[in-house]
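Since we're looking at a predicted model, the values are computed, not measured. In what follows, chains are A, B, ... by sequence order, proteins preceding strands, each numbered from 1.
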Number of protein chains: 2
Amino acid sequence: MTETTKRPEKRVTVIDVARAAQVSPGTVSNAINGKRPVDSETRARIEKAIATLGYVPNMAARGMRTGRAGTIALFSSMPTAVAAGASKLGFMMEIAASAAQVALRRNVALVLVPPIAAPADALRNVPFDGALLVEPAEDDPFLDLLSARAVPVVGIGAAPRAGMPCIDLHYRATAKLLTEHLLSAGSRSFPLVIGTSARQYYREFEEMYCTILASAGLVPRVIRVDEAHGEEAGAAAVEARLAEDPALDGVLVPVDALATGVMAGLRAAGRNVPRDVRVVTRYDGLRARTETPPLTAVDLHLEEAAERGTLALLDMIEGAETPPVRLLPEPALVLRASSAPE
Amino acid sequence: MTETTKRPEKRVTVIDVARAAQVSPGTVSNAINGKRPVDSETRARIEKAIATLGYVPNMAARGMRTGRAGTIALFSSMPTAVAAGASKLGFMMEIAASAAQVALRRNVALVLVPPIAAPADALRNVPFDGALLVEPAEDDPFLDLLSARAVPVVGIGAAPRAGMPCIDLHYRATAKLLTEHLLSAGSRSFPLVIGTSARQYYREFEEMYCTILASAGLVPRVIRVDEAHGEEAGAAAVEARLAEDPALDGVLVPVDALATGVMAGLRAAGRNVPRDVRVVTRYDGLRARTETPPLTAVDLHLEEAAERGTLALLDMIEGAETPPVRLLPEPALVLRASSAPE
DNA sequence: TAACGTTGTTAAAACGTTTTAACGGCATCG
DNA sequence: CGATGCCGTTAAAACGTTTTAACAACGTTA
């Protein structure tokens, strides 16, 4: 009765196949991997032996010889308070889904490394030939760990360090899109709410926002909120701002977890969105879409970003020096009720 | 200038560490893995050597010796037309996010194997010690491939084969919940729309639905739709049904991709939801939440299911005969506008 | 005091594959 | 006709780790 759960006596190896097919192990390897020509009649014998014996190559042994793990890893170091919760790592998982499919088509599996308390331990025990890094911060703990492993890395977002290949998520263009949208929707006093950590993302948003507001003759106001505190921090920030500036008529809050916080804060303060205050965010995920009213957001072409990033990484792993990273299409506004014109 | 991208000359091995610390490779191994006691002074020397040399253990070599890949795989064989698109593998990815975190905490990485054209190829090249199978069909192609690999497997949904450990997603209870909800909301003529493939899921839904309707003195009607055709099939099915039964006042359509199709079909036929027709679905994902109106769905406790499944699988990999799989909490209705009482 | 278990260490074996160097045979090119 | 190159194959080496068997030294138990 324990037959089904019992471990197999002995693993079938390439040696067993070779014996059954009356060839040497090397020939079996060549037949499987096609590195060198094998007589078609011999190949047929080998394939038959593989089938009847139920041979499955041992990936570890292969990997040891070839130096390839056969996997790439997807990392995200977003603070869990932002990444988890309602959207359940939405941003990362959207990338993961596409990346996994693309990689699998090239016979590489994707391993998922969500934010975790002990990144070093994680890294030490996860086998991978290359890494995809989702919106890395400049002081990202994964950066050092990855460079210690000397594997190719591709960022998705903006390069935190010079020389790191990266799929550009067009932070500037996105910031411009959202800021100009709020302006053209009629908002005149709207702060930018961003996180406190050191990210290219925040810096470029801030820069673009300030530039546009200044040239429109408006006063930019940047509110920094610790992302680790999640929604509540967003709510508190907007409530405090409302106290200072009752004329506030818009909020540009790119981080979606903070955006839902801002919405809650506005509700608590009795403001109607979009009538009194218009709110826009960046990532068009579950949070933005299921907020009431749903939030205007941006189509970042994440799927395409994931595909290109994955292909670039695979090329690098295979030795390409300069992966051909073409630009993504420009980000596009996804207009929703939270900033609908009156 | 190509310094940064250049491959390292030579990998640092346990032998280098041993030499630097003036011990044997075996002792280094023991220091790292703690299998056998190592003198604290010796251990300090070894750790110093590891740090200065930047040693990173070679997972492939370790795996070859220990027989562990250090990963588990998450498979889903849902037809892509159902799984992809708007929800972007939502169901699977929700499980993946939780499973990845749980596994990582036990130093195991999760590899993602989304539905793909050639499952056999995928399997052959993906290293893993065990598998999580999301709602496997009875004729699931992964089942044979996995049993050929002789690794532990845990299903999430219902066991397609006797003896396979499984986290029960409570198909019957879910079907009961939704059917009784429609009844108590006032619907009297509502078909069940399910897919054509052979799934426990469909069978149990059908059975429960028919039983309840019969005992309520109503006529059950089951509509089978090829899931591979996605939303359009759902729309076509409901339009055809409306032609036969203009008094239709509800639809129970557990597959979310078909549910959005049904919604489109109802819109096309000029029916108002929920006034004329109430619609309910099962998976409370992006599709259900962003439909207009949002769809009543079920909280399946997927996160918890993923965690338990992962832990059970890890226990099995480590040799536990009978993984302690406790039951999930009962599914709970998530009431939304698509079936709101009048 | 003898037997025994524990600690700390090592040399050598083992894991299963791919790659290397080599070989004979055969065709092609000068 | 000799040199060259490709085809098909093999034996042996190599990949980097963990495990095994063994040993010395030391306490503890009988």
Side-chain angles (χ1 to χ4, degrees), chain A residues 7-47 49-50 53-70 107 124-127 129 149-150 318, chain B residues 7-47 49-50 53-70 107 124-127 129 149-150 318:
Chain A
R7 286 284 193 283
E9 346 291 307
K10 191 83 172 66
R11 175 151 201 153
V12 179
T13 81
V14 73
I15 310 223
D16 303 320
V17 174
R19 192 159 29 220
Q22 311 192 65
V23 292
S24 77
T27 302
V28 175
S29 173
N30 287 328
I32 291 173
N33 303 304
K35 295 266 172 183
R36 290 154 102 25
V38 173
D39 186 81
S40 64
E41 203 270 323
T42 314
R43 157 170 279 121
R45 265 202 336 274
I46 292 172
E47 275 162 7
I50 288 177
L53 269 61
Y55 168 70
V56 179
N58 180 326
M59 292 300 292
R62 168 180 297 175
M64 169 143 120
R65 196 50 243 222
T66 61
R68 294 275 166 80
N107 279 333
R124 208 174 286 285
N125 294 289
V126 178
D129 302 321
R149 262 178 93 133
E318 281 164 15
Chain B
R7 286 283 192 281
E9 346 291 306
K10 191 83 173 65
R11 174 150 202 155
V12 179
T13 81
V14 74
I15 310 223
D16 302 320
V17 175
R19 192 160 27 221
Q22 313 193 65
V23 292
S24 76
T27 302
V28 175
S29 175
N30 286 329
I32 291 173
N33 303 304
K35 296 266 173 184
R36 294 158 91 48
V38 173
D39 185 80
S40 63
E41 202 271 323
T42 314
R43 157 170 280 121
R45 266 205 333 275
I46 292 172
E47 274 162 7
I50 287 177
L53 269 60
Y55 167 69
V56 179
N58 180 325
M59 292 300 294
R62 169 180 297 174
M64 167 143 129
R65 197 50 246 221
T66 60
R68 294 275 165 81
N107 280 332
R124 205 174 288 284
N125 294 289
V126 179
D129 302 321
R149 263 178 92 133
E318 282 164 12

Reading 5' to 3' through nucleotides 14-27 of chain C, protein heavy-atom contacts under 4.0 Å coded B for base, S for sugar-phosphate only, - for none | BBBBBB-BB-----
Is a side-chain donor or acceptor of A/Asp129 paired with a backbone partner of A/Arg68 at a separation under 3.5 angstrom?
-> no
List in chain and number order the residues that pass side chain to side chain contact (heavy atoms under 4.5 Å, CB included) with A/Arg36, two or more places apart in sequence or in another chain; answer none if no residue qualifies.
-> A/Asn30
Does A/Arg45 reach the main-chain N or O of A/Ala21 with its side chain, forming a donor-acceptor pair under 3.5 Å?
-> yes
Checking A/Thr66 side chain against A/Arg62 main chain: does a donor-acceptor pair fall under 3.5 Å?
-> yes
Can you see which heavy atom on A/Tyr55 is nearest to which on A/Val14, and at what distance?
-> CE1-N, 3.5 Å
Would you say B/Asn33's side chain and B/Lys35's backbone share a donor-acceptor pair under 3.5 angstrom?
-> no
Using the C1' atoms of five pairs at each end, what's the angle between the two axes of the helix from C/dT1-D/dA30 to C/dG30-D/dC1, to 10 degrees?
-> 30°
Check: B/Ala60 main-chain N/O paired with B/Asn58 side-chain donor or acceptor under 3.5 Å = yes
Between C1' of D/dT9 and CZ of A/Arg45, the distance in whole Å | 11 Å
With no hydrogens and no angle check, is any side-chain donor or acceptor of A/Arg19 less than 3.5 Å from a backbone partner on A/Pro25?
-> no
